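Contents: one structure, followed by commentary.
Predicted, not measured: the structure shown is a model, and the values here were computed from it.
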Amino acid sequence: MAKSFHGTIAVRFLRTRPGSALRLMAVCAVSVIVIAGAAWMYDREWNSLREKERNLIMSVVLQPSVDAATAYRTANRVRSFQPVAEVTVVTPDEWRAEFSRRYGVEIAEVVPENPFSYSLRVRLTEGSITAVSFTNVYQQCRTLQSEVEDIRYPADLLRSILDQSSIIVTKLGVICALAALCVLLLMTSTVR
């Protein structure tokens, strides 16, 4: 009974005020399209950003004199930094195997001893990568001077992540303004 009652009111409203009824339907349709489009765009941008964040890895190269126990202790210290999500220790043998796989040459044929040292692959928590948080982790890794020889990261990828984050925030503000405008139009159309 409730549905037929509302349907009757809608039909009567359409007959008595066709302009207002059509305006109300248009505003409702535009509101739904804007909100659905905004949600789709936001989801697409957000997934793209998360994919880039997964690929951002800071490589902390340890001193050649660092042994396995010290490398794992250093990894535990780096793991405690905020917002570090994951720290992986890469051994000299793993580096040698990766070198052989990448270049198709055994390192022993080129250099008599293994030139690689232990290193750490540091991945930050997704959604928490900002210029401040990345710089904070970078500076904390640099404080481990007795163990750390060098710190490397893909600067272009980091710049891309930071740029995309700011673009998403800007787009989100525009989307909120459009949604508020749609709600205002919907309210003014229903009041008439």
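For the atom pair CZ (Arg142) and CG (Asp150), the distance works out to 8.5 Å, reported to the nearest 0.5 Å. The CG atom of Leu158 sits 9.0 Å away from the CG atom of Leu124 when rounded to the nearest 0.5 Å. Note: Cys141 SG to Leu120 CG = 7.5 Å, rounded to the nearest 0.5 Å. Rounding to the nearest 0.5 Å places CD1 of Ile161 at 12.0 Å from OG of Ser166. Atom CG of Leu172 and atom SG of Cys176 lie 4.5 Å apart (nearest 0.5 Å). Between the CD atom in Glu98 and the CG atom in Asp93 there is a gap of 13.0 Å [rounded to 0.5 Å].
Of the options Glu53, Lys52, Glu51, a side-chain contact (heavy atoms from CB on, under 4.5 Å) to Asn55 is made by Glu51 and by none of the others.
With Thr135 contributing its side chain and Ala131 its backbone, the two residues share a donor-acceptor pair below 3.5 Å. Panel note: side chain Ser59, backbone Arg152; no donor-acceptor pair is recorded below 3.5 Å. Using modelled atom types, one side-chain atom of Thr130 and one backbone atom of Ser133 make a donor-acceptor pair closer than 3.5 Å.
Side-chain polar atoms of Asp67 and Thr70 form a donor-acceptor pair below 3.5 angstrom. A donor and an acceptor atom, one from each side chain of Arg73 and Asn76, are nowhere located under 3.5 Å apart.
Val87 and Ile151 end up in the same hydrophobic cluster when Ile, Leu, Val, Met, Phe, Trp and Tyr side chains are linked at under 4.5 Å. Following chains of ILVMFWY side-chain contacts shorter than 4.5 Å, one cannot reach Val61 starting from Tyr138, and the two form parts of different hydrophobic clusters. There is no path of hydrophobic side-chain contacts, each under 4.5 Å, that joins Val90 to Ile57.
The closest side-chain heavy-atom distance from Met58 to Val137 is below 4.5 Å.
A cation-pi arrangement is absent between Arg101 and Trp95, since the terminal nitrogen or guanidinium carbon is not both under 6.0 Å from the aromatic centre and inside a 45° cone about the axis. Both tests pass for Arg50 against the ring of Trp46: distance under 6.0 Å to the centre and angle within 45° of the axis.
Taking a cutoff of 4.0 Å between a charged side-chain nitrogen and a carboxylate oxygen, Glu147 and Arg77 qualify as a salt bridge.
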Original post:
After noting the C-alpha distance and the side-chain angles of Ser117 and Glu149, does the key distance pass the side chain to side chain donor-acceptor pair (under 3.5 Å) rule?
Top reply: CA-CA 10 Å; Ser117 61; Glu149 181 176 301; 5.4 Å; no
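Ring centroid separation for the pair Phe134 and Tyr153 comes in under the 6.0 Å cut-off.
Residues Ile129 and Leu162 approach most closely at O-CD2, 4.2 Å, considering heavy atoms.
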